[in-house]
Amino acid sequence: LGKDRVVVIVNVADEARYVSVPVWKTGANPDGRFENLLKTSPLGFDQIPDELAASGGYLEITMVGQSSIVLGEINE
């Protein structure tokens, strides 16, 4: 395996959910940045570039109902 770190979050509930993902467990930088590789929702999917930042080893995000996101760590 390479050094690429990928985080996949899936919300199967009908309602939105706030999640705090421990990205440090993947070996990612605890205060690293992640880019949207793929996002799905009941309306479809997109690959619109977007960045999320981890803080203290956790990535916090609110996921809409029945959605998923694939995030890749940005290596600098």
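Given the structure is predicted, the values throughout are model-derived calculations rather than measurements.
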Q.
Grouping I, L, V, M, F, W and Y whenever their side-chain heavy atoms are under 4.5 Å apart, do W24 and V21 come out in a common cluster?
A. no
Q. Out of curiosity, does I48 fall in the hydrophobic cluster containing I9 (side-chain heavy atoms, cut-off under 4.5 Å, transitive links)?
A. no
Q: Show your working on side-chain contact (heavy atoms from CB on, under 4.5 Å) between D50 and K39 and close with a plain yes or no.
A: CA-CA 10 Å; D50 192 15; K39 188 184 308 183; 4.1 Å; yes
Q: Using the side-chain contact (heavy atoms from CB on, under 4.5 Å) rule, take I61 and L52 through it: C-alpha gap first, then chi angles, then the decisive distance, then the call.
A: CA-CA 8 Å; I61 185 172; L52 298 170; 3.7 Å; yes
Q: Check whether any side-chain heavy atom of E73 lies under 4.5 Å from a side-chain heavy atom of D4, and answer yes or no.
A: no
Q) Is V23 reachable from V8 through a run of I, L, V, M, F, W or Y residues, each pair having side-chain heavy atoms under 4.5 Å apart? A) no
**Q.** Shortest non-hydrogen contact between E60 and Y18, atoms and distance
**A.** CD-OH, 2.9 Å
Q | Single-linkage hydrophobic cluster, 4.5 Å side-chain cutoff, V10 and L37 together | A | yes
(Q) When you compare the side chains of T40 and S68, does any donor N or O come within less than 3.5 Å of an acceptor on the partner? (A) yes
(Q) Donor-acceptor check, side chain of N36 to backbone of P49, threshold 3.5 angstrom: yes or no? (A) no
Q) Checking salt bridge (Lys or Arg N to Asp or Glu O under 4.0 Å) for the pair R33/E35: CA distance, chi angles, key distance, verdict? A) CA-CA 7 Å; R33 295 180 304 130; E35 64 181 327; over 6 Å; no
Q | Joint cluster assignment, I69 & V19, ILVMFWY side-chain distance < 4.5 Å | A | yes
Q.
I'd like to know if the side chain of N11 pairs up with that of Q66 as donor and acceptor (distance under 3.5 Å, no hydrogens or angles considered).
A. no
Q | Closest approach of G65 to P42 (non-hydrogen atoms, all atoms of both residues) | A | O-CD, 3.4 Å
Q. Which atom pair, heavy atoms only, marks the closest approach of A54 to L59?
A. N-CD1, 3.9 Å
Q.
If you define the side chain from C-beta out and look only at heavy atoms, does anything of F45 sit under 4.5 Å from L38?
A. yes
Q. Any idea which heavy atoms bring G56 and D31 closest together, and the distance?
A. N-OD1, 2.8 Å
Q.
I want to check something: taking the side chain as every heavy atom from C-beta on, are F34 and V7 in contact at a cut-off of under 4.5 Å?
A. yes
Q) Sub-3.5 Å donor-acceptor pair from the side chain of R5 to the main-chain atoms of T26, do we have one? A) yes
